[in-house]
Amino acid sequence: MKKKATFSREQLSKSKTFGYGKDLVLAVLEDRDYTKDEAEKEIQTYLTGEREGI
């Protein structure tokens, strides 16, 4: 089974192919590594308001 590549939030914030602004990525993601799918899910959860305590 092939392991998916992971990226730091700083790498994702600088990515032109990821499609989100730097400020949004840095505000939403914690300081750890994410696959692009994991980061996408976290950001979409934030944007749709599906967070705990809201």
Between atom [atom1] of [X] and atom [atom2] of [Y], what is the distance when rounded to the nearest 0.5 Å?
X     : Y     : atom1 : atom2 : result
Lys22 : Lys14 : NZ    : NZ    : 6.0 Å
Tyr20 : Leu12 : OH    : CG    : 11.0 Å
Gln44 : Leu47 : CD    : CG    : 5.5 Å

Q: For Glu40 and Phe18, work out which heavy atoms get closest and say how close.
A: N-CZ, 3.9 Å
Q. Taking the six-membered ring of Phe7, is the NZ or CZ of Lys36 close enough (under 6.0 Å from the centre) and on axis enough (within 45°)?
A. yes
Q) For Glu38 and Asp33, what are the C-alpha separation, side-chain angles and deciding distance, and is it a side chain to side chain contact (heavy atoms under 4.5 Å, CB included)? A) CA-CA 9 Å; Glu38 289 171 334; Asp33 291 347; over 6 Å; no
Q: Decide whether Leu26 and Leu29 are clustered together by the hydrophobic rule: side chain heavy atoms of Ile, Leu, Val, Met, Phe, Trp, Tyr closer than 4.5 Å, transitively.
A: no
Q) For Gln11 and Tyr34, does a side-chain donor sit closer than 3.5 Å to a side-chain acceptor? A) no
Q: May I ask you to decide if Glu10's main-chain N or O and Ser13's side chain share a donor-acceptor pair within less than 3.5 Å?
A: yes
